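Let me begin by presenting the structure, written as structure tokens, before commenting on it.
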Amino acid sequence: MSLVVTGLNHATSDIALRERMSFASEQIPEALAQLRVRLEDAGVVIVSTCNRMEIYVNHMGKSEDLLHEIRQFLSEWHEVEEAEFADALYAHEDTEAAGHLFRVASSLDSMVVGEDQILGQVHDAYITAHAEQATDKIINTLFQKAFTVAKKVRSTTKIAEGKVSVSSVAVDLAVSIFMDLTDKTVVVIGSGEMGELTLKCLVDKGVGSVIVANRSLDNAQLLANQFNGEAIALNTLPEHLHRADIVISSTGAPGVILHRDQVAQALKKRANQPMFVIDIALPRDVEASINELDNVYLYDLDNLKGVTAKNLEARRTELDRCYKIVDNGVDQFSRWLKSLIAEPTIVSLSHEFNAVRERELEKTLDSMKHLPDKDREEIEYLTKRIINNILQQPLTKIKQEVHDSENSSVLQVVRRIFGLKESL
């Protein structure tokens, strides 16, 4: 059995490559289906966010073969030559793969350490895979343990203290440039979760006025109403763009929605007053060439990395506590994973004991046909309790011995003693 994860993130690749390698949410069911066909019904989960793309796989094959197949799949799916992304990929196996997932879910591997969105994103990725019947016993246990570890990290440490998210970092960057937002107008493009988080941060910083732009005017209005803002339809954005001192875009659109010529026209209308644009979407919402315009300052996810270094330093004292929780979770998962080696022997041993129980029970009940059904059921229940009590300690010790020993010799001894078959 091999448990592997491979992928890339903000630390190993730039935003241009992450754009090319990301999976849109509507693509993931088909991608899962293709991977499972390719990997012969392996357990699979795909995690794709603005800062990472990862594929988790459990399969009976060798890890190097799995990783090779995943790389080929990524190349074919995204129509990108393997040589263009191979150097950016990382790979972890077995307990290292578990540790990586636990750190990701706990936001210890995030660009903004302590941010709370990644846990929901990992959870959604797992739920999608589970709904598509793409997971298996080991993948299910792995992700459930990841959620438990992440919740403990967040509830017992201060790693998430204060506002920590890509949105909050973006707003802090705006404050560092403008100093005072009370007389500034902000246009937020997108009314999803990221747009809402951004607006909350802006309001907390005392922003003067807010305009929410979205394809659905109704959705824009719902969000704008929460913050006494103004709602506009996305297709009318060029008519209002000149009013914006700050533009923050965070849609799930598949391509560019804010173009250079639109920004250039807006600058003319605002007499070339500076415009600050933050693109926190992946794929990017904003045409990169607008940064070439005078008095326009464009920041994307990669540009926010420098700002997040301060965020990490402020939480560094909590990291040791977080990593201890993760390591403990990995140890527990490792023990469970290793105990699976004993399962065939345990099942076979239980089967043999219960086969004897059923034979002897049948003989006894045949000679006591006068007993009412209720008494017969009580006798059967008694025999089951006796077998369970007899087996409880031996089965517990077998699991313990398998974990503590370097090989499965204890299982061979058990099978010989009780005359069990070598395999089920």
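Reckoned from all heavy atoms, side chains included, excluding hydrogens, waters and symmetry mates. All figures in this text were calculated on a predicted structure; none of them were measured in a lab.
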Criterion side chain to side chain donor-acceptor pair (under 3.5 Å) on Ser216 and Asp218, from CA distance to verdict: CA-CA 5 Å; Ser216 166; Asp218 289 342; 5.1 Å; no
With a sphere of 6.0 Å drawn around [atom1] of [X], does it hold more than 12 non-hydrogen atoms of other residues, nucleotides or ligands?
X	atom1	answer
Gln133	CD	no
Asp294	CG	no
His259	NE2	yes
Glu26	CD	yes

Using distance alone, with no hydrogens and no angle criterion, decide if [X] and [Y] have a side-chain donor and acceptor under 3.5 Å apart.
X	Y	answer
Asn9	Asn51	no
Gln72	Glu76	no
Ser191	Asn219	no

Charged N to carboxylate O under 4.0 angstrom, [X] versus [Y]?
X	Y	result
Glu230	Arg243	yes
Glu82	Arg71	yes
Asp41	Arg36	yes
Asp331	Arg335	yes
Lys62	Glu64	no
Arg260	Glu287	no
Glu79	Arg20	no

Pairwise side-chain contact, [X] with [Y], heavy-atom cut-off 4.5 Å (strictly under):
X	Y	answer
Ile232	Asn214	no
Val44	Ile139	no
Leu301	Arg284	no
Leu173	Phe276	yes

Candidate list Leu234, Asp279, Val263, test side-chain contact (heavy atoms from CB on, under 4.5 Å), partner Leu258, passing option: Val263
Partner of Ser209 under side-chain hydrogen bond (donor to acceptor under 3.5 Å, both in side chains), chosen from Asn228, Thr185, Asp245: Thr185
What is the distance from atom [atom1] of [X] to atom [atom2] of [Y], rounded to the nearest 0.5 Å?
X	Y	atom1	atom2	value
Gln262	Ile257	CD	CD1	9.0 Å
Met194	Ser249	CE	OG	11.0 Å
Glu93	Leu66	CD	CG	9.0 Å
Thr49	Leu282	OG1	CG	8.0 Å
Thr6	His100	OG1	NE2	9.0 Å
Asn328	Ile325	CG	CD1	8.5 Å

Worked check of side chain to side chain donor-acceptor pair (under 3.5 Å) between Asn58 and Asp136: CA-CA 8 Å; Asn58 179 64; Asp136 60 13; 2.9 Å; yes
So, the side chain of [X] versus the backbone of [Y]: is there a donor-acceptor pair under 3.5 Å, distance only?
X	Y	answer
Thr157	Arg154	no
Thr12	Leu8	no
Arg270	Pro274	yes
Arg321	Lys158	no

Derivation of the side chain to side chain contact (heavy atoms under 4.5 Å, CB included) call for Val296 and Leu267: CA-CA 8 Å; Val296 175; Leu267 284 172; 3.2 Å; yes
Chi angles and distances behind the side chain to side chain contact (heavy atoms under 4.5 Å, CB included) call for Asp300, Asn303: CA-CA 5 Å; Asp300 60 26; Asn303 300 133; 3.1 Å; yes
ring-ring contact (aromatic ring centres under 6.0 Å, His included) partner of Phe143, chosen from Phe333, Phe102, Tyr56: Tyr56
